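Below you'll find the structure, written out as structure tokens, and then a few comments.
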There are 2 protein chains.
Amino acid sequence: MTAKPKGARNKRSQGTDVSPASEKGPNSEPPLSLERIVTTAVELLDAHGVDGLKMRQLADRLGSGAMSLYWHVDNKEQVFDLALDSVLKYCGPPQSVQSQDWRGDVIHMLEDWRASMLRHPWSASLLPRRALGPNILGRLELLSKTLSRAGVTDADLNVAIWSLWNYVIGATITRASFDLSDDDRAAAQQRLTGLSEQYPTIERSRLLMDNDWDGAFRKGLDFLLDGLAPKQ
Amino acid sequence: MTAKPKGARNKRSQGTDVSPASEKGPNSEPPLSLERIVTTAVELLDAHGVDGLKMRQLADRLGSGAMSLYWHVDNKEQVFDLALDSVLKYCGPPQSVQSQDWRGDVIHMLEDWRASMLRHPWSASLLPRRALGPNILGRLELLSKTLSRAGVTDADLNVAIWSLWNYVIGATITRASFDLSDDDRAAAQQRLTGLSEQYPTIERSRLLMDNDWDGAFRKGLDFLLDGLAPKQ
DNA sequence: GATCGAATCGTACGCTGTACGAGTAGTCAC
DNA sequence: GTGACTACTCGTACAGCGTACGATTCGATC
């Protein structure tokens, strides 16, 4: 019986052993690994979106057969989980670990979070539905610690975290999906012109076309932080 | 050449003509119609989620062949669009059309919006990615009008609308997906216990388990409204 | 050489959305 | 009646999907 490795699947990644792949010919693919699978999956997701990721295509791109993937990965869902978390690494605020400016630290982390997801527009809509990987948990832990340091009581901590999470997720999902379909939006706005008696206000303000996404995000974030944490 | 009706597809629904179905025997299904398709699709989505809606199953449940659906509907995507919009009808705030309490009106509409989506947990994650139907546009128009009445300037209007939209969407998507997987959350929280040195803060606060979703939603909404619209 | 585990992959299966075109029933003109 | 036209239904078929299964290959160890 040959059982797949489950817990220690990424054995190869953590060791410092010399890769045996280097001994192969120059025109042969390196061996499969979790890392190669995940980075290639991210490439394909960036190129073709969530629905555009196919296991066969992923294998093709890696120079292997489709079923070889399943030695390293349980199923397609796990590919999503790994790709998602891999994209959300955070290196912390630039200057220091124990900055006095907790508000700046929170804003930096959340804006970086949003930016990371917008760089990979498939990631935002995936995030709420998938398992929490170490990078996601790391961000939550950092957020939690920073708010705690800022004086948010334990009783309010969870409410504050989830409010911020909700806001970031919602803003990014909307932004990303509207980004993907500029033509659709223009068409929808155009269609509204024919219905101006039904939707006069949103037609006049050209709601669907002209938006300051970044500014709106920052504005709402400020308001939330004003309310959630005591002023300094 | 037999072309499908495109614009006037729902002819049967708007007329007051007597339904010819009543002349049939009691044990035969009523004829297909957009309405029946949509309401049945909503039932199936409620029961099995987004991935659980299959065209064949939908047709079975309607007592017809799978391909008959395609006379009334272009493709499966349109079924999603119609089901989504059908679930988001809004009848307005209870008391009056021109209430003095604009803040109460906005909160009522947004909390009703969230409640409607939570009643159909598949709807929230669908909303940002799909076309805007008349009910969705109606809500946006109402929100727009109310904020305008409350004194929000034209320049700030779009920013305010999108901030609120983002917040509602994010809160509801998160809530709905966490709702769907209570066991997963418990398991994830349990797993965190084994990693308490890495994630001490969110482990101690039991972030993944114990949350006051409704309270957090209302709190954040209040903060946003405080900032977005002038105090009354 | 024999053995064994790790890793690869060809084949096949069940399921999906839907293109195609045949078939049916009702209506209207003559 | 009869033929034409429209509205609608649906059986069949097809390509593409995730992946179960089992055969195969390769390198290390005894």
Side-chain angles (χ1 to χ4, degrees), chain A residues 1-13 15 17-25 28-37 40-41 44 48-81, chain B residues 1-13 15 17-25 28-37 41 44 48-81 83:
Chain A
M1 174 175 119
T2 67
K4 286 194 238 180
K6 282 264 173 179
R9 195 184 287 102
N10 49 350
K11 233 183 307 182
R12 178 176 282 138
S13 70
D17 51 346
V18 178
S19 164
S22 57
E23 301 164 14
K24 285 192 167 192
S28 93
E29 296 277 351
L32 277 181
S33 70
L34 250 198
E35 283 86 351
R36 287 192 66 225
I37 291 177
T40 309
L44 283 178
H48 304 117
V50 176
D51 295 337
L53 179 66
K54 321 283 164 74
M55 295 300 271
R56 283 175 233 256
Q57 187 185 1
L58 178 54
D60 273 3
R61 187 118 160 192
L62 287 162
S64 70
M67 291 313 293
S68 307
L69 301 175
Y70 287 87
W71 177 262
H72 304 269
V73 145
D74 285 345
N75 46 40
K76 188 181 179 182
E77 301 242 302
Q78 200 181 52
V79 177
F80 282 132
D81 287 342
Chain B
M1 175 174 117
T2 68
K4 285 195 239 180
K6 282 266 176 181
R9 196 184 287 103
N10 48 352
K11 231 183 307 180
R12 179 175 283 137
S13 71
D17 51 346
V18 178
S19 164
S22 57
E23 303 166 15
K24 285 191 168 191
S28 94
E29 295 277 352
L32 276 181
S33 71
L34 250 199
E35 284 86 351
R36 287 192 68 224
I37 291 176
L44 284 178
H48 305 118
V50 176
D51 295 338
L53 179 65
K54 321 285 164 71
M55 294 302 270
R56 281 176 235 257
Q57 187 186 2
L58 178 55
D60 272 3
R61 187 117 159 191
L62 288 162
S64 69
M67 290 315 291
S68 306
L69 301 175
Y70 287 87
W71 176 262
H72 305 268
V73 145
D74 285 344
N75 47 40
K76 188 181 177 180
E77 301 241 304
Q78 201 182 50
V79 177
F80 282 132
D81 287 343

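Every value quoted in this text rests on a predicted model; they were computed, and no experiment measured them. Proteins get letters first, then strands, A, B, ... in listed order; numbering begins at 1 in each.
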B:D74 CG to C:dG17 P, in whole Å, measures 16 Å
**Asked** Does the side chain of A:H72 get closer than 4.0 angstrom to OP1 or OP2 of C:dA6 through an N or O atom?
**Response** no
Here the distance between atom C1' of C:dT8 and atom CE of A:M67, to the nearest Å, is 10 Å
- Task: With heavy atoms under 4.0 Å as the rule, sort A:L62 into base, sugar-phosphate or nothing.
- Result: nothing
B:Y70 OH to C:dG17 P, in whole Å, measures 6 Å
Between CD of A:Q57 and P of D:dT19 the distance, given in whole Å, is 16 Å
In whole angstroms, the gap separating C1' of C:dC13 from CE of A:M55 amounts to 17 Å
note: B:L53, atom CG; C:dT16, atom C1'; distance rounded to Å ~ 12 Å
| request: Give a yes/no answer on whether the side chain of A:S68 brings an N or O atom under 4.0 Å of OP1 or OP2 in C:dC9. | output: yes
Taking distance alone, no hydrogens or angles, what donor-acceptor pairs closer than 3.5 Å link side-chain atoms of residues 56-69 of chain B to residues at least two apart or in another chain?
from, atom 1, to, atom 2, distance (Å)
B:R61, NH2, B:E43, OE1, 3.0
B:S68, OG, B:G65, O, 3.4

Rounding to 0.5 Å, atoms CD1 (B:I37) and CE (B:M55) come to a distance of 7.5 Å
One should read off an interatomic distance between B:W71 CH2 and B:L34 CG, to the nearest 0.5 angstrom, of 12.5 Å
Here the gap from A:E35 atom CD to A:H72 atom NE2, rounded to the nearest 0.5 Å, amounts to 10.5 Å
Separation of C:dT16 atom P from B:E77 atom CD, nearest Å, is 17 Å
B:D60 CG to C:dG17 P, in whole Å, measures 12 Å
Whichever of B:K54 and A:L69 has the more 5' nearest nucleotide on DNA chain C, that residue is A:L69
Any N or O donor-acceptor pair under 3.5 Å from the base of D:dG16 to the side chain of A:R56?
no
